[in-house]
Asker: 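Before I ask anything, let me first share the structure, which is written out below as structure tokens.
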Amino acid sequence: MDETLDQVEFRKKKLEKLKEKGIAPYPYKFVRTHLARKLKEDFETLKGKEVSACGRIRAIRIHGKSSFMDLQDYSETIQIYLNADTLPLDYDLIELLDIGDFLGVKGKLMKTRMGEVTIWVGDLTILSKSLHPLPEKWHGLSDSEERHRKRYLDLIANEESVRVFKTRSLIIQEIRDFLNKRNFLEVETPILQPEYGGGFAKPFTAYQESLKKNLYLRIADELYLKRLIIGGMERVYEIGRDFRNEGLDRFHNPEFTMLELYQAYADYKDMMEIVESLFGRLLERFVGSSEIKYQGKVISFEEGWERLSYFGALGEMTGIDFKTLSFEATKKEALKLGINIEGLFTKGKVLEAIFEWVVEPKIERPTFIMDYPKDISPLAKDKRDEEDVVERFEPFLGGMEIGNAYSELNDPIEQRKRFLSQAALRKKGDAKTESLDEDFLSAMSYGMPPTGGLGLGIDRIVMILLDQPSIRDVILFPLLR
RNA sequence: GGGUCGUUAGCUCAAUAGGUAGAGCACCGGCCUUUUAAGCCGGGGGUCGCAGGUUCGAUUCCUGCACGACCUACCA
């Protein structure tokens, strides 16, 4: 706070005057009977009755011996009316109030000549004195840096922002409800992990003093949730924060919220069914249509989710059958397409680069891209009846990747081989490989049932459902430079 | 990392072909007992993002830096 700001000085003087009058500017509690919205909704039954409300002053209109104020609470804004003849306490007190102060009022509910539902205040309590002026009432707060750094001001000033975060919360509740009804159990697994796994990403590191041990912030929940499947918890999920030590842009925040779920005796097709049903629920409740408008584009669910194979989609876009190409030939094609293949040590990684460049931007409809190359999917099970491909899919919406799912690999001998080939790649200099996790292998060797697993990026789903352009608009306190 | 644009009052924004800045809201004083972006009269408030340079003089021109937005690259 800028202590020298004259407006702050004026407010501090008012605070002193309140104290001189024997009024406590920061009391402890207020009992309210109704939220602002309730007062408006139930006006007919509450009309003329004594009610109480509390909130923050958002506007003051003084007309000499009577004045109006707008009081904003969690639900809405309600107008209050203060009249010198009917206010039991000193009317001059009004002069000591400012926009931003918290007030509790009691009085009769009425309507003004203009038809506005209003509390005719009989008793007034100052609940908190505000010392710093709020952002302007009409234009709100639009400076994006201030909005993200001082989210509290954004929430006070911008209704839309409140709506986004309230709805984000409801979306997550709905997802929990959906999974709970299918007998999934919500669990919590470690965020601080001695080995990181479940994805190809650079981790954050941490240090535990008393154990003198290096730890990683998790990049995924996967390997711990699978341990629970091995332990006999047949359906588990976790909604939690993952951390990836990579660049930030409109789709990436270093910490983000991920849903992961695992279902024993299921495969990746069952995971597709879950995605379809879940989106059906979310669309019904939060969009109210089978079409989502996202940033001017229409994403239609009318015809359901399209299923495209990874190699099929690549072939369609490029006219090349990459399936049969050698690593060397694949690299040549990538270079022809102008793709940087530095640091890519397998055919799968090169294909991935080509895929992101050529295919992803063109995926318009809700789509499951299926059957990924084996060498970039070390935790997924071989596809039945097809070589070098695994049972894995990623759901795409509006050109955005929103998740990842497999028929989970549950053969411990094969899993060890996959880890070893990842380790070999790491030796060659590939920074983004799966770590060999002995404890996980050991767990799997006790026997793991066939399992379907699914991860969904919650932030991105919220972005799409609420038509928000940046991940920073759906995370309350995004990381800023 | 590269490119483009931006940063002026508490907030939202103007202006200056180089002569140290204005409006609305907010704030202060006055009038006003049903207003609602209340109104009318009067007033105060600025290291023009930061640091250098050019110049008699820089908010304005130049360079660097910080922060931000977008694009691009990177990124399961």
Asker: Measuring from the side chain of A:Tyr406 (C-beta onward, heavy atoms only), which nucleotide among B:U34, B:A76, B:U36 has the closest atom?
Answerer: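 Taking heavy atoms from C-beta onward, the closest nucleotide is B:A76.
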
Asker: OP1 or OP2 of B:U12 less than 4.0 angstrom from a side-chain nitrogen or oxygen of A:Ser142, does that happen here?
Answerer: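 It does, given that an N or O in the side chain of A:Ser142 lies less than 4.0 Å from OP1 or OP2 of B:U12.
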
Asker: Please determine whether a side-chain nitrogen or oxygen atom of A:Lys13 lies at a distance below 4.0 Å from atom OP1 or OP2 of B:C27.
Answerer: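 Looking at the OP1 and OP2 atoms of B:C27, neither is under 4.0 Å from any side-chain N or O of A:Lys13.
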
Asker: State yes or no: are the ring centers of A:Tyr310 and A:Phe355 separated by less than 6.0 Å?
Answerer: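 Distance test on ring centres: under 6.0 Å, yes.
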
Asker: Heavy atoms from C-beta onward define the side chain here; which of B:A76, B:U35, B:C27 lies closest to that of A:Thr112?
Answerer: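 Closest nucleotide to the A:Thr112 side chain: B:U35.
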
Asker: Return no unless some side-chain N or O of A:Thr118 is found under 4.0 Å from OP1 or OP2 of B:U36.
Answerer: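 Checking A:Thr118 against B:U36: no side-chain N or O falls below 4.0 Å of OP1 or OP2.
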
Asker: So which one's nearest nucleotide on RNA chain B is more toward 5', A:His148 or A:Arg113?
Answerer: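 Per heavy-atom nearest nucleotide, the more 5' residue is A:Arg113.
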
Asker: So does A:Gln79 reach the base of B:U35 with its side chain, donor to acceptor, closer than 3.5 Å?
Answerer: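 Per atom types, the contact qualifies.
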
Asker: CD1 of A:Ile191 to CG of A:Asp242: how many Å apart, nearest 0.5 Å?
Answerer: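 It comes to 8.5 Å.
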
Asker: Side chain of A:Lys137 only, please: which of B:C70, B:A38, B:U33 is the nearest?
Answerer: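 In terms of side-chain proximity for A:Lys137, the closest of B:C70, B:A38, B:U33 is B:A38.
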
Asker: Is there a donor-acceptor contact under 3.5 Å from the side chain of A:Arg168 to the main chain of A:Val474?
Answerer: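 Yes: the side chain of A:Arg168 pairs with the backbone of A:Val474.
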
Asker: Rounded to the Å, how far apart are A:Glu246 CD and B:A73 C1'?
Answerer: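 Whole-Å distance recorded here is 14 Å.
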
Asker: Starting at atom CD1 of A:Ile156, determine the distance to atom C1' of B:A26, rounded to an integer number of angstrom.
Answerer: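 Between C1' of B:A26 and CD1 of A:Ile156: 15 Å.
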
Asker: Checking A:Asp375 against A:Lys347 for the salt bridge (Lys or Arg N to Asp or Glu O under 4.0 Å) test, could you report, in this order, the C-alpha distance in whole Å, the side-chain angles of both residues, the deciding distance, and whether it holds?
Answerer: CA-CA 8 Å; A:Asp375 64 341; A:Lys347 180 180 166 187; over 6 Å; no

Asker: Return yes if some donor-acceptor pair links the side-chain N/O of A:Thr367 with the main-chain N/O of A:Ile363 below 3.5 Å, else return no.
Answerer: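 Not at all, since once roles are kept as given, no pair shorter than 3.5 Å links the two residues.
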
Asker: Which nucleotide, if any, forms a Watson-Crick or G-U wobble pair with B:U33, using both distances under 3.5 Å?
Answerer: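 When the pairing criteria are applied, nothing turns out to pair with B:U33, so the answer is none.
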
Asker: Pick the P atom in B:A23 and in B:A15, then give their distance to the nearest Å.
Answerer: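 It works out to 15 Å between them.
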
Asker: Are any side-chain N or O atoms of A:Glu255 and backbone N or O atoms of A:Arg241, one a donor and one an acceptor, separated by less than 3.5 Å?
Answerer: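 No: the side chain of A:Glu255 does not pair with the backbone of A:Arg241.
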
Asker: Could you tell me how far B:U12 sits from B:U72 if I compare only their P atoms? Round to whole Å.
Answerer: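 Taking atom P in both B:U72 and B:U12, they lie 28 Å apart.
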
Asker: Quick check on B:A76: is either OP1 or OP2 less than 4.0 Å from any side-chain nitrogen or oxygen of A:Arg244?
Answerer: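 For A:Arg244, the contact criterion (side-chain N or O under 4.0 Å from OP1 or OP2 of B:A76) is not met.
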
Asker: If you check every side-chain atom of A:Glu136, which of B:A76, B:U35, B:G10 has the closest atom?
Answerer: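 Minimum distance to the A:Glu136 side chain belongs to B:G10.
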
Asker: Taking 4.0 Å as the cut-off, does a side-chain nitrogen or oxygen of A:Arg472 come that near to OP1 or OP2 on B:A69?
Answerer: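 True: A:Arg472 side-chain N/O within range (under 4.0 Å) of B:A69 OP1/OP2.
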
Asker: Distance check, C1' atoms only: B:U20 and B:A58, in whole angstrom units.
Answerer: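 To the nearest whole Å, 9 Å.
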
Asker: For B:U4, which nucleotide is its Watson-Crick or G-U wobble mate, given both distances must be under 3.5 Å?
Answerer: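 Here B:U4 is engaged in a pair, and the nucleotide opposite it is B:A69.
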
Asker: Is it the case that the base of B:C11 and the side chain of A:His139 share a donor-acceptor contact (distance under 3.5 Å, atom types as modelled)?
Answerer: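 Donor-acceptor pair under 3.5 Å: no.
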
Asker: Can you list, by residue number, the residues of residues 54-66 of chain A that have a non-hydrogen atom closer than 4.0 angstrom to RNA chain B?
Answerer: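 Output list: A:Arg61, A:Ile62, A:His63, A:Gly64, A:Lys65, A:Ser66.
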
Asker: Hey, is NZ on A:Lys323 packed in by over 12 heavy atoms from elsewhere, all under 6.0 Å?
Answerer: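 More than 12 within 6.0 Å, yes.
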
Asker: Between C1' on B:U7 and CD on A:Glu146, what's the gap in Å once rounded to a whole number?
Answerer: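 Distance, rounded to whole Å: 12 Å.
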
Asker: Determine which nucleotide pairs with B:G19, using a 3.5 Å limit on both distances of a Watson-Crick or G-U wobble pair.
Answerer: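 Check on B:G19: paired to B:C56, both distances under 3.5 Å.
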
Asker: Using the ring centroid of each side chain, check whether A:Tyr268 and A:Tyr406 are separated by less than 6.0 Å.
Answerer: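 Here the rings of A:Tyr406 and A:Tyr268 have centres that are no less than 6.0 Å from each other.
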
Asker: Record whether the side chain of A:Asn83 comes under 3.5 Å of the base of B:U33 through a donor-acceptor pair of N or O atoms.
Answerer: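 Yes.
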
Asker: Going by the glycosidic torsion and a 90 degree boundary from 0, is the base of B:A69 oriented syn or anti?
Answerer: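 Anti, angle beyond 90° from zero.
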
Asker: Would you mind reading off the distance between A:Glu9 atom CD and B:A9 atom C1', rounded to a whole angstrom?
Answerer: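 One finds 17 Å between C1' of B:A9 and CD of A:Glu9, rounded.
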
Asker: Tell me: CD of A:Glu356 to P of B:A73, nearest whole Å?
Answerer: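 About 11 Å, once rounded to whole Å.
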
Asker: For A:Leu223, is there any backbone N or O sitting under 3.5 Å from a side-chain donor or acceptor partner on A:Arg227?
Answerer: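 Yes; judged by distance alone, with no hydrogens or angles, the pair exists.
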
Asker: Tell me the interatomic distance from A:Leu141, atom CG, to B:G10, atom P, rounded to whole angstroms.
Answerer: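 One finds 14 Å between P of B:G10 and CG of A:Leu141, rounded.
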
Asker: Can you tell me the base-pairing partner of B:A51? Count Watson-Crick or G-U wobble geometry only, both distances below 3.5 Å, and say none if there is no partner.
Answerer: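 By the stated definition (distances under 3.5 Å), B:U63 pairs with B:A51.
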
Asker: Measure from the ring centre of A:Trp138 to the centre of the six-membered ring in the base of B:A37, then say whether that distance is under 5.5 Å and the planes meet at under 30°.
Answerer: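 According to the criterion (under 5.5 Å, under 30°), yes, A:Trp138 stacks.
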
Asker: Roughly how far, to the nearest 0.5 Å, is OG1 of A:Thr451 from NZ of A:Lys381?
Answerer: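 Those atoms lie 7.5 Å apart.
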
Asker: Whole angstrom is fine here: how far is it from CD in A:Glu434 over to C1' in B:A76?
Answerer: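 It is 11 Å, rounded to the nearest whole Å.
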
Asker: Taking atom types as they are modelled, would you say the side chain of A:Gln7 forms a donor-acceptor pair with the base of B:A26 within the 3.5 Å cutoff?
Answerer: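 Side chain to base: pair present.
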
Asker: Round to the nearest Å and state the distance from A:Asp92 atom CG to B:G29 atom P.
Answerer: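 Between P of B:G29 and CG of A:Asp92: 12 Å.
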
Asker: Go ahead and name the base partner of B:C27; Watson-Crick or wobble counts if both distances stay under 3.5 Å, otherwise write none.
Answerer: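 Across any shown strand, B:C27 pairs with B:G43.
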
